[in-house]
Amino acid sequence: MDYQPVPTVKDASPFDAAQDAQVLRSAMKGFGTNEEEIIDVLAGRSNQQRQTIRGIYEAEFERDLVEDLKDELGGKFEDVIVGLMMPPVEYLCKQLHAAMAGIGTEEATLVEILCTKSNEEMAQIVAAYEERYQRPLAEQMCSETSGFFRRLLTLIVTGVRDGLSTPVDAGEAKEQAAQLYSAGEAKLGTDEEVFNRIMSHASFPQLRLVFEEYKELSGQTIEQAIKHEMSDELHEAMMAIVECVQSPAAFFANRLYKAMNGAGTDDATLIRIIVSRSEIDLETIKQEFERIYNRTLHSAVVAETSGDYKRALTALLGTA
């Protein structure tokens with residue numbers, strides 16, 4: 001199955017960056033702020049177009065657009081808008097840094113960002129992270145995680161995964177499936193090193209074949225095997241890789257559901273996924289959310305949010 005990602009946010013056409021800069025300045029000048037105009041402009045433009053607007057805004061008004069937005073907005077609404085203004089890779093770096101800052105570590109955020117990326121995407125994140133924070137991502141991550149979970153993330157971050165241009169090898173997939181079986185279900189205890197090595201080295205298309213071979217060999221799905229053999233963060237990381245190999249949209253739909261299910265809302269996760277996936281596959285995620293949970297993502301977001309925060313998120317969903 002080839003994944004067909006459909007975004008909700010695309011280049012606006014026609015596009016007049018000077019006009020947009022003017023609208024944004026007017027929306028923030030004088031008493032009060034016109035939040036609706038800010039949402040209309042920024043949620044309706046691609047990230048590249050937002051960067052163009054920011055450059056023209058600075059040249060025209062000798063002011064930093066992001067700083068002006070921070071001064072005028074607040075709370076979760078500000079988080080959405082400022083997130084939209086960051087180049088996508090920098091935005092993910094900021095999210096990773098926040099997940100490791102202070103006491104404790106948000107392992108689920110590390111899993112969501114790191115275990116879902118191709119080797120090419122990972123290389124961009126690693127380079128941008130070191131440039132932004134003057135510290136290698138792998139080094140910081142090693143100080144915040146431990147055990148086989150740390151080992152798996154370190155392998156992913158150091159770029160050992162085969163690139164998307166690497167041809168899929170059916171013979172090797174059969175061999176890798178046999179190795180996973182021998183390392184888990186076929187023995188007492190689990191050889192996590194084998195799981196880590198295969199799950200971090202093989203490209204996603206190769207892993208798809210490995211999982212098919214595994215089912216053929218063992219009669220069980222790889223998910224069932226991981227459930228029996230792994231626990232805690234390592235289990236979550238392995239499952240994230242499996243889900244993303246099979247359907248990235250389903251993985252993110254599940255994450256969004258968990259962020260909104262039960263008491264309270266995990267706003268940080270809700271914002272991060274909607275902002276970061278809007279130009280990749282948010283339309284596909286919406287379809288998967290409705291298929292899995294029998295309700296629209298829009299209705300779930302509306303039930304959990306309010307005010308300008310709600311308006312910004314639903315604008316990104318393409319359902320404002």
State whether a side-chain donor-acceptor pair under 3.5 Å links N294 with E290. no

Is a side-chain donor-acceptor pair under 3.5 Å present for N254 with Y293? yes

Result for side-chain contact (heavy atoms from CB on, under 4.5 Å) between P248 and one of I280, D281, T284 points to D281

Could you tabulate the donor-acceptor pairs under 3.5 Å formed by side-chain atoms of residues 146-159, not counting sequence neighbours?
from: R150; atom 1: NH1; to: C142; atom 2: O; distance (Å): 2.9
from: R150; atom 1: NH1; to: T145; atom 2: O; distance (Å): 3.3
from: T154; atom 1: OG1; to: R150; atom 2: O; distance (Å): 2.7
from: T158; atom 1: OG1; to: T154; atom 2: O; distance (Å): 2.7
from: T158; atom 1: OG1; to: L155; atom 2: O; distance (Å): 3.1

Checking L73 against I38 for the side-chain contact (heavy atoms from CB on, under 4.5 Å) test, could you report, in this order, the C-alpha distance in whole Å, the side-chain angles of both residues, the deciding distance, and whether it holds? CA-CA 10 Å; L73 312 177; I38 291 171; 4.1 Å; yes

Please tell me if the side chains of [X] and [Y] come closer than 4.5 Å, counting only heavy atoms from C-beta onward.
| X | Y | answer |
| --- | --- | --- |
| R50 | L42 | yes |
| F211 | V245 | yes |
| Q220 | H228 | yes |

Going by the angle between their ring planes, with limits at 30° and 60°, are H97 and Y133 parallel, tilted or perpendicular? parallel

Spacing of [X] atom [atom1] and [Y] atom [atom2] [to the nearest 0.5 Å]:
| X | Y | atom1 | atom2 | answer |
| --- | --- | --- | --- | --- |
| R255 | I285 | CZ | CD1 | 12.0 Å |
| N196 | H201 | CG | NE2 | 10.0 Å |
| K70 | I81 | NZ | CD1 | 13.5 Å |
| L114 | E121 | CG | CD | 11.5 Å |
| E175 | L180 | CD | CG | 10.0 Å |
| T33 | E72 | OG1 | CD | 3.5 Å |

Taking only distance into account, with no hydrogens and no angle test, what donor-acceptor pairs under 3.5 Å do side-chain atoms of residues 161-168 form with protein atoms, sequence neighbours excluded?
from: R161; atom 1: NH1; to: M199; atom 2: O; distance (Å): 2.8
from: R161; atom 1: NH1; to: A202; atom 2: O; distance (Å): 2.6
from: R161; atom 1: NH2; to: M199; atom 2: O; distance (Å): 3.0
from: T166; atom 1: OG1; to: G163; atom 2: N; distance (Å): 3.4
from: T166; atom 1: OG1; to: G163; atom 2: O; distance (Å): 3.1

Carboxylate-amine/guanidinium proximity below 4.0 Å for [X] and [Y]:
| X | Y | answer |
| --- | --- | --- |
| D308 | R311 | yes |
| E112 | R272 | yes |
| E90 | R132 | yes |

Chi angles and distances behind the side-chain hydrogen bond (donor to acceptor under 3.5 Å, both in side chains) call for Y57, D64: CA-CA 7 Å; Y57 187 96; D64 187 310; over 6 Å; no

For a salt bridge (Lys or Arg N to Asp or Glu O under 4.0 Å) check, start with the C-alpha distance between R45 and D20, then their side-chain angles and the critical distance, and finish with the verdict. CA-CA 10 Å; R45 309 291 180 271; D20 286 345; 2.7 Å; yes

Run the side-chain donor-acceptor check on residues 5-13: report pairs under 3.5 Å with partners two or more places apart or on a different chain.
from: T8; atom 1: OG1; to: S278; atom 2: O; distance (Å): 3.4
from: T8; atom 1: OG1; to: L316; atom 2: O; distance (Å): 2.6
from: D11; atom 1: OD1; to: S46; atom 2: OG; distance (Å): 2.5

